[in-house]
Each structure stands twice: as C-alpha cells, then as structure tokens.
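Chain letters run A, B, ... following the sequence lines, proteins first and then strands; every chain starts at 1. Hydrogens, waters and symmetry mates play no part in the numbers below; they use all other heavy atoms, side chains included.
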Amino acid sequence: MEFTAPLKLNHVFRKLYAKGESAVGSFVVVYCRRNGLPGNRLGITTGLKLGNAVCRNRARRRIREVYRLNEAKLRRGWDVVIVARSRSIDGDFRDMQRSFLHQCGKLGLLREEKS
RNA sequence: CAACCGGGCCGGACAGCCGCGCGCCGCAGCCGAAAGGCGCGUCGUGAGGAAAGUCCGGGCUCCACAGGGCAAGGAUAACGGGUAACGCCCGCCGAAGGCAACUUCAGGAAAAGUGCAACAGAGAGAUACCGCCCGCGCGAGCGGGUAAGGGUGGAAACGUGAGGUAAGAGCUCACGCACCGGCUGGAGACAGUCCGGCGCUGUAAACUCUAUCCGGAGCAACACCGUGGGGGAGACAAUGGCUGGCCCGGCCGUCUCCGGGAGGUGGCAUGGAGCGGACCGGCAACGGUUCCGCCAAGAUAGAUGGCUGUCCAAGACAGAACCCGGCUUACAGACCCGAUUGUAUC
C-alpha cells in the first residue's frame, strides 16, 4: 500500500472507538480520527462473533482488499479502524466497495474531486 | 453385477490482470563514515488431513534440585511383542454381536473387609406367601418338615433326568455347568474328550485392595541488548514468611497498595526418534541402514485475497504460531486395492 501503515497499538484502537467519528454500513463499521502523521494507519477488527479462524481471515483479507483498491481516493493523515460484520465474509464484493466509499464520504475521508 | 466389510490415496483444476509474507540475486535510486537499513525489479517459494480439540507421550527451557521420610492425589489394568515413550500400534486370548468378511470391549481382585441391591416379592446368604407332606383339632386353624411347582425380580439355593422319600432336598447316581488343585498342550493369557475336590447371588462406572508409573510450570518458557524506575504509603516485628501437602532439616526481614515504563534480537525452521521405494528379518506393528530418491511457510494486528473466463463429480470440514509421536472430533465428494455374501454365466 502506498501511504498506509498497519495500526497495532491497542490503546489507539480504544481511543478511536471512544472519540473517533464512525459510520455504520451493512458490511463494515468504519471509525476514523486525524493522527497528525503524513500517512494513514489502518486497523482491522474481526471479532470472535464472526466465526472460526477461516471466516475471520477471509473477512480481514476482503476488507484489506477493499481498502487497497480505494486507497488513492482517501485523504491522508488519518487513523482508520474497520470492524467487520458478518456480510463481509461472503457478500458481493462490488456492493461492499460501494458501501465502503459511501461511508467514507459521510465521514469526509474522500479527497476533493479534482475538476 | 448388487449389498456389505477392511485398508490406502486425493480433497477443486487451468489461464490472465492487480495485490501480500519470506529467501536469493541485481540496481548510475535514497539514508549512512562504515556495517547496514529503506525502496524498486527479476526469479524461487508460501497452510492441513485433520493445521482443530489441547486429551495422552516425549524433546527443549526455567524453577525445586543438600536432601530424607510420610501421607495424599492422579493415571493405567487379560497375555506376548513394537516403540525414545505412551493411556498409542501389532499379534493373540476371552466375552458380546453378525450367515460371513469382520466389528466392539472401564477385560485385575467380590474366598481381605465395609457398603448397597430401589420398586416388586414371603424371602436378596437371609427367608415358607400360596402349594405339598406329617401331627393335633369337630372346625376355623395351630405346630413342624419341605425350595419339586406357582408368583415377583436383572438376579431366588447349579441345570436336566433317574433313584430316593411322608412330601422333598447334591441326599445318592448319570450327563452337563461354574470355581479350585493336578496333568497335558502353549512363550503366555488360556484351552482340554483326563483325574480329584467343591457347589459360596450381583455390584468395584460404591468405598476399597493389588500391580505398575507420575516433581512443577510452560516458547507470553527462557537467554541477551535496551528503556523506565531505584520511589511513596501502610501493616506485622516472630507466636512471622519461604522451601506451592505435612514432619525433620535448611534459608530469610516479610507482605499489601499506589506511581513510572519502550521495545527489540535470539529461541524459530535445509529438518530429524524425518518421508517414499528396492533388498533382508518378522504373521504383523516394526527393525536393519545396504542402495536409490524426496525434504526449502516461518508470520508477530499475524502473509494465500479480489476480479474475469473455461471444465467437471459443482468444491465439505476448516488456517501453521517452539518442534515431534499418537488419540479424539468435524468432513461434499473422487479414485484404487483386498475380502465376504447373494445372483447370473463358463
């Protein structure tokens, strides 16, 4: 990924859940907050409720792929945490991308369209 | 051909584009004095038969290791072998099931002792309800004998037949059964048309007894480098604490709360009780190591995904986390080998 680092510190996750902006979609829940860094940091949460390890892996990979394909459209300097919901395991991929972009638009994460 | 039984093997494939972990090599790219790091590119490689449950057995690591004794707890349970070891595997015995191939087994001891045996039933190692027989009584009944018959029950005085008797009873006999001792066979569990004794219910998945084994915790172990801190408050001063049960012995100021803190490297992967084939030994598990092949994930918010197309039997269960040997559980289906039974044909 071009400008995104993994987010691994547990206290950052908790801070985002507590103070970050959020948007709920049918595939995922997105939390975000400015981080004061030049790039973004991405964290993916796949809870035990989703199923066994295979299901959780699959959800995480599909979410990472959605993020990767649409990374160029996002603003920089944000921490983003994406929480998987059960449809992110085997829902339609194009619907999932559309839903994610809509959520990002709500949160003001999308870059201004260059006209 | 069908049904069934046992074993083995595989568990979507191929192509294109984009993307990821690791390794090697390259680079007139960036940082650095250098070592090296970052970036980019080529090539290679990249989850399972159960990776799972964490149920057993080990390796490895630390703790306790100056020990000694006792107790407790846990595990296993026919016999012989295999193995580093096992509660695993193979063979075999016994029991149960199946026409059979074959499958299943918490398979030591009830004559060391204690307990329990609900309901039913007269009675559960202690018994006479009905019945049968004898005696007494006019009679209802009473006293005694009796386990052959009835009924109850998972289980009722070893079973069947004959003799015997007042009626009966292993009381006696024949055959059988169970147990104990001998003899014969077998390496042994065990088996036997043999001989003698004996006739004593079940339950140990009740306590218990017998034999064998077991120190504890785990890679978030542990080692090294680095960072922060080396502090404050309180309690008890031996009649205390530690030596994860107790005693002897040994050691020591101890304990609780609050505050501060940053992580990295090794362990860790070209391995090892390794896998496959041939040969030799063995019924087999397995061993020999003689020969020939095969082994290449190693993350640490945790690498396999997305899209498109083709094919088919239409993709199940499911993701390595220190490493091995097993067990158990989950699983759409595909293929191969062998055996049994039935049917048809020769």
Side-chain angles (χ1 to χ4, degrees):
Chain A
M1 286 186 236
E2 294 289 324
F3 56 88
T4 303
L7 177 59
K8 15 184 161 179
L9 299 169
N10 195 36
H11 68 266
V12 180
F13 275 81
R14 275 194 302 237
K15 202 172 241 177
L16 260 90
Y17 293 144
K19 300 192 173 176
E21 300 289 313
S22 68
V24 180
S26 56
F27 293 86
V28 294
V29 182
V30 179
Y31 292 84
C32 66
R33 194 161 192 254
R34 299 191 77 93
N35 62 8
L37 298 170
N40 285 4
R41 290 189 297 183
L42 172 68
I44 300 173
T45 298
T46 51
L48 278 173
K49 269 198 287 183
L50 283 175
N52 57 29
V54 173
C55 294
R56 295 197 303 272
N57 269 340
R58 186 169 166 79
R60 195 181 312 128
R61 286 165 182 158
R62 283 165 63 98
I63 289 167
R64 206 193 341 265
E65 184 70 8
V66 166
Y67 182 90
R68 187 183 69 81
L69 290 171
N70 297 287
E71 185 188 23
K73 300 176 185 165
L74 301 179
R75 289 172 177 270
R76 305 186 183 192
W78 291 71
D79 282 343
V80 179
V81 165
I82 303 176
V83 178
R85 308 185 73 187
S86 59
R87 281 186 69 193
S88 58
I89 298 168
D90 51 6
D92 182 82
F93 191 75
R94 272 172 294 191
D95 290 347
M96 189 168 163
Q97 287 195 63
R98 235 175 276 135
S99 171
F100 173 72
L101 286 173
H102 180 70
Q103 285 167 260
C104 288
K106 265 188 173 170
L107 292 167
L109 274 172
L110 294 179
R111 304 177 79 165
E112 301 299 321
E113 287 296 322
K114 288 176 191 166
S115 50

Undergrad: To the nearest Å, give me how far apart CG (A/Asn70) and C1' (B/C307) are.
TA: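 Interatomic distance, CG of A/Asn70 to C1' of B/C307: 14 Å.
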Undergrad: In terms of base orientation, is B/A118 syn or anti, with the syn window spanning 90° either side of 0?
TA: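 The base of B/A118 is oriented anti (glycosidic angle more than 90° from 0).
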Undergrad: Is a side-chain N or O of A/Arg85 found less than 3.5 angstrom from the main chain of A/Gly25, in a donor-acceptor match?
TA: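 Checking the backbone N and O of A/Gly25 against the side chain of A/Arg85, a donor-acceptor pair under 3.5 Å is found.
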Undergrad: May I ask you to decide if A/Arg98's main-chain N or O and A/Asp95's side chain share a donor-acceptor pair within less than 3.5 Å?
TA: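 No, because the side chain of A/Asp95 does not come within donor-acceptor range (under 3.5 Å) of the backbone of A/Arg98.
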Undergrad: For the P atoms, the ones on B/G274 and on B/C255, what distance do you get once it is rounded to whole angstrom?
TA: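 That atom pair is separated by 48 Å.
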Undergrad: Need the glycosidic conformation of B/G196: syn if within 90° of 0, anti if not. Which one?
TA: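 B/G196: anti.
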Undergrad: Would you kindly give the CD1-to-C1' distance between A/Ile89 and B/G306, to the nearest whole Å?
TA: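 Spelled out: CD1 on A/Ile89 to C1' on B/G306 is 16 Å.
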Undergrad: For A/Gly105 and A/Leu110, work out which heavy atoms get closest and say how close.
TA: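 Result for this residue pair: CA-CD1, 3.7 Å.
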Undergrad: Between B/G192 and B/A156, how far apart are the two P atoms, rounded to whole Å?
TA: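 Pairwise P distance, B/G192 against B/A156, rounds to 26 Å.
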Undergrad: In whole Å, what separates the P atom of B/G125 from that of B/U165?
TA: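 It works out to 36 Å between them.
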Undergrad: Using the glycosidic torsion, which applies to B/G218: syn (within 90° of 0) or anti (everything else)?
TA: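 Classified anti.
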Undergrad: Keeping A/Gln103 on the side-chain end and A/Ala23 on the backbone end, is there a donor-acceptor pair under 3.5 Å?
TA: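 Flag set: sc A/Gln103 to bb A/Ala23 pair under 3.5 Å.
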Undergrad: Do the side-chain N or O atoms of A/Arg64 get closer than 4.0 angstrom to the phosphate oxygens (OP1, OP2) of B/G302?
TA: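 Checking B/G302 against A/Arg64, a side-chain N or O does come within under 4.0 Å of OP1 or OP2.
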Undergrad: In this structure, how many angstroms lie between the P atom of B/G53 and the CG atom of A/Asn52, rounded?
TA: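 It is 10 Å, rounded to the nearest whole Å.
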Undergrad: If only atom types and distance count, is the side chain of A/Arg87 paired as donor or acceptor with the main-chain N or O of A/Phe27 below 3.5 Å?
TA: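 No, because the side chain of A/Arg87 does not come within donor-acceptor range (under 3.5 Å) of the backbone of A/Phe27.
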Undergrad: Given the C1' atoms of B/C20 and B/A299, what is the spacing between them in whole Å?
TA: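 Per the computed distance, 12 Å lies between those C1' atoms.
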Undergrad: In whole Å, measure the gap between the C1' atoms of B/G250 and B/A64 for me.
TA: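 So the two C1' atoms sit 14 Å from each other.
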Undergrad: My understanding is that a pair needs two contacts under 3.5 Å, Watson-Crick or G-U wobble. By that rule, which nucleotide pairs with B/G234?
TA: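 Partner of B/G234: B/C255.
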Undergrad: Is the shortest side-chain N/O distance from A/Arg58 to OP1 or OP2 of B/G306 below 4.0 Å?
TA: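 Yes, such a contact exists.
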Undergrad: Could you let me know what B/C279 is paired to, Watson-Crick or G-U wobble, both distances under 3.5 Å, or none if it's on its own?
TA: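 Paired with B/G288.
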Undergrad: Among B/A47, B/U308, B/A320, find the nucleotide with the atom closest to the side chain of A/Asn57.
TA: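 Nearest to the side chain of A/Asn57 among the choices is B/A47.
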Undergrad: Which heavy-atom pair separates A/Asp92 from A/Arg62 by the least distance, and what is that distance?
TA: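 Answer, listing the atom of A/Asp92 first, then A/Arg62: C-NH2, 4.2 Å.
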Undergrad: Spell out yes or no: do the side chain of A/Glu65 and the base of B/G305 have one donor N/O and one acceptor N/O closer than 3.5 Å?
TA: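 Yes.
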Undergrad: If pairing requires Watson-Crick or G-U wobble contacts with both distances under 3.5 Å, which nucleotide is the partner of B/G266?
TA: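 Checking every strand shown, B/G266 finds its partner in B/C222, with both distances under 3.5 Å.
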Undergrad: Which whole number of Å gives the distance between the C1' atom of B/G73 and that of B/A112?
TA: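 The same atom, C1', in both gives a distance of 24 Å.
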Undergrad: May I ask which nucleotide in the shown strands pairs with B/G168, Watson-Crick or G-U wobble, both distances under 3.5 Å?
TA: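 Pair assignment: B/G168 / none.
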Undergrad: In this structure, how many angstroms lie between the P atom of B/G305 and the CE atom of A/Met96, rounded?
TA: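 Taking CE of A/Met96 and P of B/G305, I get 14 Å after rounding.
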Undergrad: Quick check on RNA chain B: between A/Asp92 and A/Thr45, whose nearest nucleotide comes earlier from the 5' end?
TA: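 Between the two, 5'-proximity favours A/Thr45.
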Undergrad: Between B/U304 atom C1' and A/Arg56 atom CZ, what is the distance in whole Å?
TA: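 A/Arg56 atom CZ is separated from B/U304 atom C1' by 17 Å.
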Undergrad: Quick check: does any side chain N or O of A/Arg33 sit under 3.5 Å from a backbone N or O of A/Trp78, one acting as donor and the other as acceptor?
TA: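 A pair under 3.5 Å: no.
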Undergrad: Work out how far the P atom of B/U184 is from that of B/C195, and round it to whole angstrom.
TA: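 It works out to 16 Å between them.
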Undergrad: Can B/G16 be described as syn, meaning its chi torsion is within 90° of 0, or is it anti?
TA: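 Anti, since the glycosidic angle lies more than 90° from 0.
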Undergrad: For B/U76 versus B/C335, give the span between their C1' atoms, rounded off to a whole number of Å.
TA: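 It works out to 42 Å between them.
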Undergrad: Report the residue from A/Val80, A/Leu109, A/Asn70 that forms a side chain to side chain contact (heavy atoms under 4.5 Å, CB included) with A/Cys104.
TA: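 So the option named by the test is A/Leu109.
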Undergrad: Provide the Watson-Crick or G-U wobble partner of B/A301, both distances under 3.5 Å; none if there is no partner.
TA: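 Result: none.
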Undergrad: What is the distance, rounded to the nearest whole Å, between atom CZ of A/Arg60 and atom C1' of B/A303?
TA: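 Between C1' of B/A303 and CZ of A/Arg60: 10 Å.
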Undergrad: Taking the side chain of A/Arg94 as its heavy atoms from C-beta onward, which of B/U308, B/G306, B/A303 lies nearest to it?
TA: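 From the listed options, B/U308 comes nearest.
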Undergrad: Only pairs with both distances under 3.5 Å count, Watson-Crick or wobble alike; so what is the partner of B/G87 in this structure?
TA: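 Across all strands, not a single nucleotide pairs with B/G87.
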Undergrad: Is the shortest side-chain N/O distance from A/Arg62 to OP1 or OP2 of B/G305 below 4.0 Å?
TA: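 For B/G305, neither OP1 nor OP2 has a side-chain N or O of A/Arg62 closer than 4.0 Å.
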Undergrad: Without decimals, in angstroms, what is the distance between A/Leu69 CG and B/G306 P?
TA: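 Spelled out: CG on A/Leu69 to P on B/G306 is 11 Å.
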Undergrad: Counting only side-chain nitrogens and oxygens, does A/Arg61 get under 4.0 Å of the OP1 or OP2 atom of B/U304?
TA: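 Affirmative; the distance criterion is met.
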Undergrad: Under a 3.5 Å limit for both distances, which nucleotide forms a Watson-Crick or G-U wobble pair with B/G48, could you say?
TA: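 For B/G48, the partner nucleotide comes out as B/C317, under the 3.5 Å rule.
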Undergrad: Syn or anti for B/G39, please, going by whether the chi angle lies within 90° of 0.
TA: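 Base orientation relative to the sugar is anti.
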Undergrad: Between A/Gln97 (CD) and B/G19 (P), how many Å, whole number?
TA: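 Checked: the CD to P distance equals 15 Å.
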Undergrad: When both hydrogen-bonding distances must be under 3.5 Å and the geometry is Watson-Crick or G-U wobble, what is B/C246 paired with, if anything?
TA: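 B/C246 is paired with B/G69.
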Undergrad: Nearest to the side chain of A/Phe93, which nucleotide is it out of B/A318, B/G306, B/U304?
TA: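 Given the options B/A318, B/G306, B/U304, the side chain of A/Phe93 is closest to B/G306.
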Undergrad: Nearest nucleotide by nearest heavy atom, which residue falls closer to the 5' end of RNA chain B, A/Ala53 or A/Ile44?
TA: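 Its nearest nucleotide lies further toward 5', so the answer is A/Ile44.
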